[in-house]
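Scroll down for the structure; my scribbles are underneath it.
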Amino acid sequence: MIFSLNQSNFTIPRCSSKITDHRRSSPSKSFVLPPVSTPKINRFFVISSSKPLHVSSIQTLGSMHSLEHDDRRVTSCKAYEADRSAGELVVEKIEAAKRAKIGFYFATWWFLNVIFNIYNKKVLNAFPYPWLTSTLSLAAGSVIMLISWATKVADAPNTDLDFWKSLFPVALAHTIGHVAATVSMSKVAVSFTHIIKSGEPAFSVLVSRFILGETFPTSVYLSLVPIIGGCGLAALTELNFNMTGFMGAMISNLAFVFRNIFSKRGMKGKSVSGMNYYACLSMLSLLILTPFAIAVEGPKMWAAGWHNAVYEIGPHFIWWVAAQSIFYHLYNQVSYMSLDEISPLTFSVGNTMKRISVIVSSIIIFHTPVQPINALGAAIAIFGTFLYSQVPHYLF
Ligand code: 3PG
């Protein structure tokens with residue numbers, strides 16, 4: 001039996017049977033060796049190693065050679081420095097592959113999100129019916145996933161009634177957040193919607209504090225100051241400010257906070273993959289949204305609007321609609337798949353970085369006029385979101 005203790009300075013008080021890895025702060029992270037039946041030792045026994053240390057056998061700790069030096073009994077245990085073993089190289093390779101995989105997920109997620117935002121805005125400029133475009137995004141995802149399950153490209157999830165019941169509040173919040181963000185983007189610049197959406201952590205803390213009664217360390221509350229201040233400054237100095245656009249982004253923030261809370265509760269103990277979870281979410285959201293979209297906008301308005309858009313843009317307008325719908329599903333699917341691989345903390349850092357790429361690329365592509373004070377507000381808000389994500393997650 002070989003134990004490998006990497007790069008740790010550790011102390012065995014009185015040849016204690018408990019060895020703690022000091023790189024980890026949590027007491028629960030220590031590991032316990034089997035009881036040792038060594039003769040009584042009167043001294044602390046310190047082993048310092050900067051290289052991997054292999055204890056040849058835990059059992060032998062119990063039958064170590066005991067030597068008498070004067071009146072002290074010193075226990076020596078056989079240990080040797082290992083060269084960088086093949087095992088370590090394998091571990092390093094696995095770590096590197098994991099990092100590459102997460103990097104790939106992030107790059108894909110941001111890229112798909114930027115493409116979605118560009119086509120979504122192009123469509124909304126020509127065809128200002130956000131309730132229909134939101135419905136089409138969910139429909140595209142539902143169709144893609146149904147085909148994937150039917151053709152066995154992806155395994156269909158094993159769900160029961162309880163799963164769908166627990167998914168309902170998540171889907172309701174997802175629907176509200178999605179349609180509100182799309183309404184926002186139909187009224188204001190994409191960059192402005194995303195600047196306001198970077199304030200989502202502030203909503204998360206306020207909802208948890210005032211509705212769920214949770215408390216947070218002061219550092220969390222302090223990180224909200226630049227988020228709220230930056231969003232406020234950006235909103236006050238936005239050249240094309242529109243109240244519906246602003247409120248849409250704010251409602252989307254609130255709805256997504258509830259979606260995250262319900263989703264955390266609903267998914268406890270369930271074993272549906274991130275990809276399939278998002279697929280089921282899309283389908284249920286589609287069922288919820290369709291009647292409302294018909295009631296708010298309706299086929300008559302859509303037909304007239306479609307006619308105008310095709311007249312102005314040309315027949316390829318349909319490809320813009322297809323692109324915004326498909327890319328919406330793909331970026332969400334990749335983001336849920338990456339959630340399977342990373343911690344919520346890493347996810348929230350990724351989401352903040354995503355907003356920066358969307359804001360910058362949309363300003364360039366749509367030639368959005370930006371005043372320096374407006375850009376400063378956006379930068380402060382984004383920086384605040386980054387600070388928020390840096391607060392140790394175990395505090396939450
Ligand atoms: C939507 O339409 O659902 C929103 O634009 C999504 O916003 P987010 O994924 O960037 O939070």
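Note that ligands are numbered from 1 as they come in the structure, with each ligand's atoms numbered from 1 the same way.
Taking only non-hydrogen atoms, the option from S137, A180, A181 nearest to atom 4 (C) of ligand 1 is A181.
Contact atoms of ligand 1 toward T182: 2 (O) (distance under 4.0 Å to a heavy atom of the residue). Those atoms of ligand 1 with a heavy atom of F256 less than 4.0 angstrom away are 3 (O), 6 (C), 7 (O), 11 (O). Distances below 4.0 Å separate heavy atoms of H194 from the following atoms of ligand 1: 10 (O).
Looking at T385, L254, I227, N253 one by one, the single match for side-chain contact (heavy atoms from CB on, under 4.5 Å) with E200 turns out to be N253. Evaluated for a side-chain contact (heavy atoms from CB on, under 4.5 Å) with H194, the options I356, N117, I382 yield exactly one hit, N117.
Atom 8 (P) of ligand 1 has as its closest protein heavy atom K354 NZ, 3.4 Å. In terms of protein heavy-atom proximity, atom 6 (C) of ligand 1 is nearest to Y331 OH, 3.1 Å. Protein heavy atom closest to atom 7 (O) of ligand 1, with residue, atom name and distance, is K197 CE, 3.2 Å. Shortest contact from atom 1 (C) of ligand 1 to any protein heavy atom: H178 ND1, 3.3 Å. Looking only at protein heavy atoms, the nearest one to atom 11 (O) of ligand 1 is R355 NH2, 2.9 Å.
When only modelled atom types and interatomic distance are considered, S282 and S142 share no side-chain donor-acceptor pair under 3.5 Å. Side-chain atoms of T182 and S134 include a donor-acceptor pair closer than 3.5 Å. No hydrogens or angles considered: nothing links the side chains of S338 and W109 as a donor-acceptor pair under 3.5 Å.
Remark: distances from the non-hydrogen atoms of M185 to ligand 1 include one below 4.0 Å.
Here the closest heavy-atom approach between residue W110 and residue M353 is recorded as CZ2-CB, 3.4 Å.
Aromatic ring orientation, Y328 versus H174: tilted (interplanar angle from 30° to 60°).
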